[in-house]
There are 2 protein chains.
Amino acid sequence: MSVDSVRQPPSGPRAELKRQAIVRAARELFLRDGFGVGMDVIAAEAGVSKVTVYNHFGSKEALFTAVITSALDEPLGHATSAALEELAEAEDLRTALIDAARAWVHAVRTNEDVIALRNLVAAEQHRFPELGHAWQGHGPEGHHPAVAGALRALADQGRLAIPDLEAAIIQLYALLVFPHMVFSTYGAHVEDGLTDRLIVSGVDMFLGYYSPQRQ
Amino acid sequence: MSVDSVRQPPSGPRAELKRQAIVRAARELFLRDGFGVGMDVIAAEAGVSKVTVYNHFGSKEALFTAVITSALDEPLGHATSAALEELAEAEDLRTALIDAARAWVHAVRTNEDVIALRNLVAAEQHRFPELGHAWQGHGPEGHHPAVAGALRALADQGRLAIPDLEAAIIQLYALLVFPHMVFSTYGAHVEDGLTDRLIVSGVDMFLGYYSPQRQ
DNA sequence: CATATGAACTCAACTGTTCAGTTCAGCCAA
DNA sequence: TTGGCTGAACTGAACAGTTGAGTTCATATG
């Protein structure tokens, strides 16, 4: 008499293992071949039957959102936001900011899977309008509060003069991470040397403009 | 005895009209619904028979590349690069650069179709690998030479001190146009007021850093 | 007993083609 | 100017062939 009009996903130790394998395979294949890959292929890559995939996720869309939301919970920020929070207590602001920027940009560049996923979401925004918004919250705006907090703290200390916090945040993003995001849209990426030159001179430019001692 | 193994597309005044209607409709629908739209729908939107579409373009891929390459030849730069070239002769560099930036950003923001198309190409890069490269050449790098030329001229005049031209170009892009590109990836866009504040303070920041009189 | 499997199946959507007939512009003859 | 001729381009509808999502079911496994 088990009348499940909506069958609930399997649970248990074995099921969890399969589930992870499926998500991992799906992520890899979505990334490599786009949303167009067949469910057969994904199932095969996960070493799993297609039926199992459907027992777990119910639909391709659900699987896709599972991939995305699982990627949403990824690091990319622990070391980074830690470095950001230490800014307020740093003696040498410039060096500290450069270090934080290096950690930040490094996180963005090494997890370029995440950027690629972002492009995927953007690409499939017609099919998943809600995902686009979910992504906005956790995207760069994920540490938006961290960046905002750090800048505000520095402003309160009088170590920076920031009349327009909103603009300043965007400018910091723009100088440091946007280039990598834009380039990756074409599948291209910035060379290591240029990346570091952008970080150093970007920080100097930012500090030069927002330092209180100028005039 | 006309043995055309490959039928050549129709020519003539009427054909040209239809052709334009098809490309326009295709562009609009690709933009709105992604590459997934059916040829039926495109034909209907163009007020044209599906067969006509195939007589003209032969395949969906060909139609897509036609849409893209036609978008590649679009303005987005005439007024902008003109303003950029006048920079070298301007008396008040700051005002001139702000004006040029306004024209530039305005072009980017009004033709946001072009940015959306860019996302489409990025999305469909698996299907059209060659398009991705064609797009790179005409993307922001389209006026890359114009920007590079303007900055180099100003440096030669001694009005700017630019030790790293490559970085400076990217930074100018980053401060002025990248925010709009990144935001539009989510379907979001920067408000008017913030846009102008970003332009003005971005230019000031850039000039502050690259002006020779500092130190 | 819950979960996983594989193979065969349904169903819908989409690309691309065929074909018999229609529109339309230009042209020539009266 | 009129009227009809010609041929290229267009139409509508039906059709073929494929692909891929999602289901069913009998069976296996731990």
Side-chain angles (χ1 to χ4, degrees), chain A residues 1-26 29-30 32-67 120 123-124 126-128, chain B residues 1-26 29-30 32-67 120 123-124 126-128:
Chain A
M1 284 284 272
S2 63
V3 184
D4 324 50
S5 71
V6 171
R7 206 169 300 275
Q8 44 196 347
S11 61
R14 308 182 283 288
E16 209 53 38
L17 225 57
K18 301 275 181 183
R19 188 184 187 86
Q20 288 177 14
I22 295 171
V23 170
R24 181 163 42 231
L29 288 178
F30 280 149
R32 207 186 59 197
D33 302 337
F35 185 75
V37 274
M39 293 293 264
D40 307 346
V41 182
I42 294 176
E45 171 75 21
V48 144
S49 166
K50 191 170 80 158
V51 188
T52 304
V53 177
Y54 276 94
N55 283 339
H56 275 272
F57 297 97
S59 76
K60 193 180 190 179
E61 302 200 350
L63 175 56
F64 186 72
T65 66
V67 168
L120 239 191
E124 237 57 50
H126 306 287
R127 230 179 303 242
F128 308 94
Chain B
M1 287 280 272
S2 62
V3 185
D4 324 52
S5 70
V6 172
R7 206 169 301 276
Q8 45 196 346
S11 62
R14 189 172 20 148
E16 209 52 40
L17 227 56
K18 301 275 181 182
R19 187 183 187 87
Q20 288 178 16
I22 295 170
V23 171
R24 180 162 43 230
L29 288 179
F30 279 149
R32 208 186 58 196
D33 301 339
F35 185 74
V37 274
M39 294 292 265
D40 307 348
V41 182
I42 295 176
E45 172 73 23
V48 144
S49 167
K50 193 171 74 159
V51 185
T52 303
V53 176
Y54 276 95
N55 284 339
H56 274 273
F57 297 97
S59 77
K60 193 181 188 177
E61 303 202 349
L63 174 57
F64 186 73
T65 67
V67 168
L120 239 190
E124 238 56 51
H126 305 287
R127 230 182 301 245
F128 307 92

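Quick note on labels: first sequence line is chain A, next is B, and so on, each numbered from 1.
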Mind running a 4.0 Å heavy-atom check of residues 43-50 of chain B against DNA chain C and sending the residues that fall below it, in number order? K50(B)
Rounded to the Å, how far apart are K60(A) NZ and dA12(C) C1'? 15 Å
When every non-hydrogen atom of L29(A) is compared with those of I42(A), the smallest separation belongs to CD1-CA, 3.7 Å
Calculate the interatomic distance between L63(B) atom CG and dC14(C) atom P; express it in whole Å. 15 Å
Gap between atoms OH and C1', on Y54(A) and dT10(C) respectively (whole Å): 13 Å
How far does OG1 of T52(B) sit from CZ of R14(B), to the nearest 0.5 angstrom? 9.5 Å
Is there side-chain contact between M39(B) and L63(B), with heavy atoms separated by less than 4.5 Å? yes
Listed by chain and number, what are the side-chain hydrogen bond (donor to acceptor under 3.5 Å, both in side chains) partners of R24(A), not counting sequence neighbours? none
Please collect all side chain to side chain donor-acceptor pair (under 3.5 Å) contacts where either partner lies in residues 32-42 of chain A, sequence neighbours excluded, each pair once. D40(A)-K50(A)
Closest approach of I22(B) and A46(B), non-hydrogen atoms and distance? CA-CB, 3.8 Å
DNA chain D contacts made by residues 32-42 of chain A, counting heavy atoms under 4.0 Å: V37(A), G38(A), M39(A)
Contacts of E45(B) that satisfy salt bridge (charged side-chain N to carboxylate O under 4.0 Å, His left out) - sequence neighbours left out: none
For chain A and DNA chain D, what are the first and last nucleotides along the strand, 5' to 3', with at least one atom under 4.0 angstrom from a heavy atom of the protein chain? dA21(D) to dT24(D)
Once the angle between the rings of F35(B) and F64(B) is folded into 0 to 90°, is it parallel (under 30°), tilted (30 to 60°) or perpendicular (over 60°)? perpendicular
If I take atom CG in residue N55(B) and atom P in nucleotide dT18(C), what distance separates them, rounded to the nearest angstrom? 11 Å
Please check: side-chain N/O of K60(B) versus main-chain N/O of V37(B), any donor-acceptor pairing under 3.5 Å? yes
Counting C-beta onward and ignoring hydrogens, is there a side-chain heavy-atom pair between F57(A) and T65(A) closer than 4.5 Å? no
